[in-house]
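Structure first, then comments.
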Amino acid sequence: MILSMMRVMFLDLLRDRGALVMAFVLPAAIYLIFASIFSGTGGEKLQLSVAVLDQAEDGVSRRLVSAIAEDPRLFVAPSPSTRAGLERAIRRGDVDAGIVIRGDPVQSAKEAPILVLGDTSRPVAAPVVAGRLQKILGETLPDVVYRRNIVEFDQNLAPLTPQQRMRAEAAAQAIEKAVQEKGAGGRLDAPAPMVELALVARSSQADAPTVYYAGAVGVLFLLISAGQGAMLLIDERRNNILDRLTSSAGGLAKVVGGKFLFLTLQGTIQVGIIFLVAAALYGVAVMDRVLSWSLVTLAAAAMAAGAALLLCALCRTRQQAQTLSAFLVLMVSAVGGSMIPRYLMPRWLQDVSMLTPNAWAIEAYQDLLWRDADGGRAFLYAAMLVGVGLVAMTFAWAFLLRERRS
Amino acid sequence: MNGLAPVVRVRNAVHAFKGRNVFSGLDLDLFKAEIFGLLGPNGVGKTTLMKAISGRIRLASGDIEVDGGNILREPSRLSAISFAPQEISLYQHLTVKENLQVFASAAGAPEAERLIRTLMAETGLQDRADQIAATLSGGYQRRVNICIALLKRPRILLLDEPTVGIDIDARESIHRLLEDLRRKGATIVVSTHDLDQAQRLCDRVGLIQNGRISLQGRPETLVRDAFGDRLEVVAELRAPANDGQRAALEAAGFATHASDVQWLGHFDPQHIDVAELRSRLTRSGLRVQEIRVHEPDLSSLFLRMAQQELAA
């Protein structure tokens, strides 16, 4: 009987081409879109577009403009001729940030010689550009930085003697000459910086967002597809099919159990396809922890299956089920991090999101495939997901039993 | 019935639904190898009675026995019963054969494949075995609906409106199927609004009225008991009768009417003179379209009962 129920649901899916595409092709396609959008936003491959307004127009500023243009992390867009034009370009979103070279970087004392303009809609862009400028100045125009330090020392700490100024200028010229000898884009072998940035080694070659969204999109579509599949239950009740099936030896438990198993299997395959794409295109290391991954995936699919059966047991019409399911799926997916990464949410919302199964599944996948965690917490999340699925399925069965007896 | 023990025995059934009494002491006996027609208007409890007999709903009080055993105390008795609901209860996206396989599995039918082949042959479905249910005509869908009920190989088959919404050929085909099952010893209960069908198909009929079976027996016996040898004369009018003309119709012997323009009377065959009747009615100002004479049937009986109840 359980196998018969699974066969009915399989044929229902197989003979509805739209549902088949929805279940197995669309999730992978949506994942590819999300992954393409968010991969490379971790900083390593980030390229920001900037416009540069050179108000100083001297030798140093031209060297700086040239160095900015050669920086691989910055894309220089055609630059407006006025400050107002630059601000308009930022407001319109033509560029992520603007750079204004206001005066001689060495002599300007009252205000910063270089101004970075940003927009509140892209709050991260301006600080990143400012950081890149510091790096460009240090590596490509070290003579300018040296001269500015000498000027500051001379004016603010201890005035230099004419002889000391001459020796300092000679040193600056030597640095400048050395840089020029390196050619265009030449960088001086500077002493070690005080602060150095390094990323820890990871077993995964994938970007964090590609792992994140494989789980996030996976659990989102688990909920959608399970809800769609479980709606057959509503038709079966309305057409008295369920009454016929459960009046004989089969029994309601076997009918509900068969549906639960099919939806769990369907969900596992569905998420499997998404991670297969993630592994093939983005190097997500599913195969390294395939057993743990399978466990979490089965658990997430069981959660979606149980929840969908309960929802369809509570609704009397497809219309009711579709409306309620759309509302619930959107809500738990938005709060649970299936649409926007949880780390971008306010702290309190991150705490709330941990009440959703989406967050449990996403965290479990992150632990296994990105954070190199030992799996203990992932198994806990998997147990919670299975628990929700089994409890929901039991409630669905109990509700249908009560309905049948009434 | 001829001193035989009933296969199904319903005694003093009482049931209420949403505060309304459906049965108030209903009794019914069903016998082996008979087709019993359950008659009555909508909402009178025909489906409820079938569901109670098949164990789907529990009566407030009263007993239902199958082969002498109470179905509540001995639920295994229910294995002899199968119920086919009025709705087409099958998976529309599956083929006929796949539907039968699913329900055979639910019924726990042994040797399901052979049984399905046999049943498809018996119900004339073998040529449609691989056709998707949604593409079948209404008549064939009804056949599959009944065929599913037969998967249990029941001795007692309860069919709720088995021929509603299908054409005459399909109805005749289902009648032949039911008659064949009766020949093989099955007890069949058919609920229907179609009195013509009940008269032609059923060995006995029962009318549910006011929570009880108010009338039951062989259709021809019930009609003969009510009308004797009299024939039914139907006067079709071109326009409804006014009060004076109504009096003239009643004086001429037309005591009941199916509508404003269709009046019925029951007359001794020796005293029927159609020309004289037409002339008499025309003289009273009635515009007579047609006068027909035929033998009374179940429709005549139930129309008269309904009007007597209305008058009371």
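Basis for what follows: all heavy atoms, side chains included, without hydrogens, waters or symmetry-related copies. Each chain gets a letter, A, B and so on, in the order the sequences are listed, and its residues count up from 1.
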Any side-chain to backbone donor/acceptor pair from A/R244 onto B/F103? Under 3.5 Å, distance only. no
How many angstroms lie between atom CE of A/M9 and atom OH of B/Y91, to the nearest 0.5 angstrom? 9.0 Å
Count the heavy atoms belonging to other residues, nucleotides or ligands that lie under 6.0 Å from CZ of A/R15, then report whether that count exceeds 12. yes
Hey, is CZ on B/R11 packed in by over 12 heavy atoms from elsewhere, all under 6.0 Å? yes
How close do A/N240 and B/P85 get, counting heavy atoms only, and between which atoms? ND2-CB, 3.8 Å
Quick check against the 3.5 Å criterion: does B/S105 have a side-chain atom that pairs as donor or acceptor with the backbone of A/S4? no
Heavy-atom pairs under 4.5 Å with chain B - which of A/L242, A/L11, A/L14, A/L232 has more of them than the others? A/L11
Please identify which of these residues, A/D16, A/D12, A/D235, meets the side-chain contact (heavy atoms from CB on, under 4.5 Å) condition with B/H93. A/D12
May I ask you to check whether over 12 heavy atoms, not counting those of A/I340, lie within 6.0 Å of atom CD1? no
Tell me, yes or no, whether the heavy-atom count around A/F399 atom CZ, taken from other residues, nucleotides or ligands under 6.0 Å, exceeds 12. yes
B/I132 versus chain A, the contacting section by heavy-atom distance below 4.5 Å: side chain
Over 12 foreign heavy atoms within 6.0 Å of CZ, A/F24: yes
Do we see a donor-acceptor contact under 3.5 Å between the side chains of B/E87 and A/N239? no
Is B/L94 close to chain A through its backbone or its side chain, or both, or neither, when contacts mean heavy atoms under 4.5 Å? both
In terms of heavy-atom pairs under 4.5 Å, which option from B/I88, B/I148, B/N99, B/L78 contacts chain A the most? B/I148
Counting only heavy atoms not in A/L355, do more than 12 fall under 6.0 Å of its CG? yes
Examine whether an atom of B/A104 lies under 4.5 Å from a heavy atom of chain A, and if so say whether it belongs to the side chain, the backbone or both; otherwise answer neither. neither
